[in-house]
Amino acid sequence: MPADRDQPLAPGLYLVATPIGNLEDITLRALRILRSVDRIACEDTRQTQKLLNHFEIKVPTVSYHMHNELTRTDELIEELIGGARIAIVSDAGTPGIADPGGQIATAAIAAGISIFPVPGANAAISGLIASGLPTDSFTFHGFLPAKEGQRKTALEALVRNGSTHIFYEAPHRIEDTLADIETVFGPAQHVVIARELTKLHEEFLRATVAELRTTLSARTIRGEMVLLLAPAPAAAPAQQAQTSIAEAVSALMQTAGLAEMDALKRIARDRGIGKSQAYRELQREQNRRK
Ligand code: SAM
């Protein structure tokens, strides 16, 4: 076995994944590295201390979160240049994935410091592999925007080719997000919610978005969740597929003498889409042309 477990730990930056709920998901290698580094930089030192106490690891910690990432990165890079062995951990899961870690990885590479991934739990991949949705092609988006308009724009921009889109979502926003998914993709869009992964109340909700909205109107769902969907290409008439909204608006303005917004409203109605969706598509096309 080509294990390096008997070797002293090499100097460098260790990006160490920790469990997303179930402590058994810590790896043997993660434990060895956390025990052997000089310092553990944590998103929340109190949170990580619970993990360290559980595994009886007594290594000094330092905070490393989105508010001090910039200054702390410089300090840690200095230590690394001096030959330190430093681990980065987030509150749960894989550092750098919707969590701090990416910035110091980039800085360490630029400074010529060795960097070691120590893989383990991750909510997005755990949700994906048990979702039943395609796993051969997927995109991870992190959190959707909190504001409705921006969220709809983000959803409308998703590639619709049957590959899977993965999001992190908060329980207090899930109903609004499902409403937007229904507006953009229609009530029959299949959606998966992977909730409380690896924990006692782990649950998968797999249904159409309309069914899920009915389910969630009758019960509250709490806890952490991953949202997944794999939209198929929209079945649009050939004429619609060929003509962009901007082209159709401009043609209608010329042929029917309509103002831009009136032309847009008529095209939205003809295509069976909402006015705001048509407006956002028009803006996107116009921005692309600038
Ligand atoms: N770095 C982490 C990872 O590797 O998965 C993700 C950190 S991100 C700040 C936290 C979000 O991940 C949660 O709001 C939730 O959407 C998702 N998440 C984390 N743990 C989860 C779990 N046990 N089950 C479902 N989703 C989870």
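By convention here, the first residue in the shown sequence is residue 1. Excluded from the calculations below are hydrogen atoms, water molecules and symmetry mates; all remaining heavy atoms, backbone and side chain alike, are included. Read the numbers this way: they start at 1 and go in the same order the structure lists the ligands and their atoms.
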Result block: side-chain N/O donor-acceptor pairs under 3.5 angstrom for residues 152-165, not counting sequence neighbours:
| from | atom 1 | to | atom 2 | distance (Å) |
| --- | --- | --- | --- | --- |
| Lys152 | NZ | Glu148 | OE2 | 2.8 |
| Thr153 | OG1 | Gly149 | O | 2.9 |
| Thr153 | OG1 | Arg280 | NE | 3.4 |
| Glu156 | OE1 | Arg280 | NE | 3.2 |
| Glu156 | OE2 | Arg280 | NH2 | 3.0 |
| Asn161 | OD1 | Ser163 | N | 3.0 |
| Asn161 | OD1 | Ser163 | OG | 3.2 |
| Thr164 | OG1 | Pro134 | O | 2.6 |
| His165 | ND1 | His141 | NE2 | 2.8 |
| His165 | NE2 | Val159 | O | 2.7 |

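Counted by atom type alone, Ser63 and Arg72 present one or more donor-acceptor pairs between their side chains at under 3.5 Å. Remark: the Thr45 side chain and the Tyr64 side chain contain no N/O donor-acceptor pair separated by less than 3.5 Å.
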### Query
Could you go step by step and tell me if Ile97 and Tyr168 meet the side-chain contact (heavy atoms from CB on, under 4.5 Å) rule?
CA-CA 10 Å; Ile97 305 298; Tyr168 287 158; 4.0 Å; yes

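Annotation: ligand 1 has protein neighbours Ile20, Ala92, Gly93, Thr94, Ile97, Ala98, Asp99, Asn122, Ala123, Phe143, Tyr168, Glu169, Ala194, Glu196, Leu197, Lys199, Glu224, Met225, Val226, each with a heavy atom less than 4.0 angstrom from the ligand.
When each of Leu13, Ile57, Val59 is tested with Val37 by the rule side chain to side chain contact (heavy atoms under 4.5 Å, CB included), just one qualifies, namely Val59.
In this structure, Asp91 contributes its side chain and Glu43 its backbone to no donor-acceptor pair below 3.5 Å.
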